[in-house]
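Notes follow once the structure below has been shown.
First the proteins, then the strands, lettered A, B, ... as listed; each starts at 1.
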Protein chains: 2
Amino acid sequence: MRAQTSAAHRPAFHGTGAVAFSTKGEYGVRLMVQLGRHYGAGPASLAEIAAAEDMPRAYLEQLAFVLRDAGLVVSTRGAHGGYELARPPAAIPMSEVLRALEGPLAPMICATDEPGHDLACDRTSSCTVNLLWIRVRDAVAGALDGVTLADLVPQRVVAIQRALASGATSANQNLEGAATTS
Amino acid sequence: MRAQTSAAHRPAFHGTGAVAFSTKGEYGVRLMVQLGRHYGAGPASLAEIAAAEDMPRAYLEQLAFVLRDAGLVVSTRGAHGGYELARPPAAIPMSEVLRALEGPLAPMICATDEPGHDLACDRTSSCTVNLLWIRVRDAVAGALDGVTLADLVPQRVVAIQRALASGATSANQNLEGAATTS
DNA sequence: TCAATCCCGACAAGAACGCTTGGGATTGAG
DNA sequence: CTCAATCCCAAGCGTTCTTGTCGGGATTGA
């Protein structure tokens, strides 16, 4: 609802210190969650989602393109178009989402999961630290593999959405309260 | 030995994408590893370490101060002074080192390990994603807690160093091969 | 006395991030 | 057929962070 135009640049790194996802990661995941809620109910427009989540629409577009190129969402052009998940939420591991959004998860250049990393790493003695970065990378990859989009979209919300898709057409805004912010 | 003055600014983020430690983390860990090798052999000067690892000395100083303030190393001033580990390597979890160097490990502001995070996080519906960030944070914290400085300083190297401290003076460079880059 | 070292604050270049702008192409509805 | 809604895309701009550098102090052993 409120003013995409006044978004007023947030601090560069949303997460302080090490292990910091940027807003790319956050917005992208939020976008995916919204699409997860909408799953099975036709395409959702970015304008809708941007309003619902109070994120700048134009910026969301960029993320949506990335997610599309990664094969995670499909787009429908033209009027009443929008984005949909390419697969059911349970088949979308968050590792894939975040890798698409933020690039390969490599805590250091020495620990890229891509080939040829050992070439880039010919530091002197202390390259023992590789062990550390690799452990961290694997830990993150494991955590991210273990969570699917379905885990972030409570099942009852999905059920309600589906019911709506074949019944009434309005009143789908009041499901927000479900967020148990522990 | 070779030219601290020509270090020529490296690319800003050493680690691409999500989960990127900065050079602060890398240099700091390398520094700690060097101190680990030197453990029990008196204080080591920053000039020595900077030369051995080819890192800018003045920058290393800043990291050393941080590590000292965190109680991880102790300093001896004056001639023949330098830095020493405050504890044996096995008693230094890397989580502590990296937290000191890079701040609290919080993948997002919503998932700080400090109290009051729920105040900062009053996003709309999608705060379900908290689950994700917290999982990632815990995974990283776990991985980092499970590695101590001793794991990065092979015991035989320590033994050799101690022998050197009371004997010969060279031939400690050929231990590189230990990095099993899978 | 002197040189080696730690201590400390300020600042400069450059990259990355966060977002905006401005236009195009494509499609359903009237 | 026209029009509005939507996706598509590239370029650019200001802010903030990192990555160091610089210059000078304080402290101590020889």
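- An OP1 or OP2 oxygen of C:dC19 is reached within less than 4.0 angstrom by a side-chain nitrogen or oxygen of A:Y27.
- Comparing the local axis fitted to the first five base pairs of the helix from C:dT1-D:dA30 to C:dG30-D:dC1 with the one fitted to its last five gives a bend of 10°, rounded to 10°.
- Contact check, A:Y83 against D:dC8: a side-chain N or O comes under 4.0 Å of OP1 or OP2.
- Close to D:dC7, at under 4.0 Å from its OP1 or OP2, lies no side-chain N or O of A:S75.
- Here the P atom of nucleotide D:dC8 and the CG atom of A:L67 are 12 Å apart, to the nearest Å.
- Here B:T76 does not reach the OP1 or OP2 of C:dC6: none of its side-chain N or O atoms lies under 4.0 Å away.
- Comparing A:R77 and B:K24 against DNA chain D, the residue whose closest nucleotide sits nearer the 5' end is A:R77.
- The base of D:dT21 is paired with the side chain of B:Q62 by a donor and an acceptor separated by under 3.5 Å.
- OP1 or OP2 of D:dA5 has not a single side-chain nitrogen or oxygen of A:S45 nearer than 4.0 Å.
- The side-chain heavy atoms of B:L152 and B:V147, taken from C-beta on, include a pair separated by under 4.5 Å.
- Nucleotide C:dT20 holds its P atom 13 Å from the CE atom of A:M55, rounded to whole Å.
- The CZ-C1' distance, from A:F65 to D:dT6, rounds to 11 Å in whole Å.
- Between B:H80 atom NE2 and C:dC2 atom P there is a gap of 18 Å when expressed in whole angstrom units.
- Phosphate proximity of C:dG18 to A:R57: absent, as no side-chain N or O sits under 4.0 Å from OP1 or OP2.
- Put simply, B:T23 has a side-chain N or O that comes within less than 4.0 Å of OP1 or OP2 on D:dT19.
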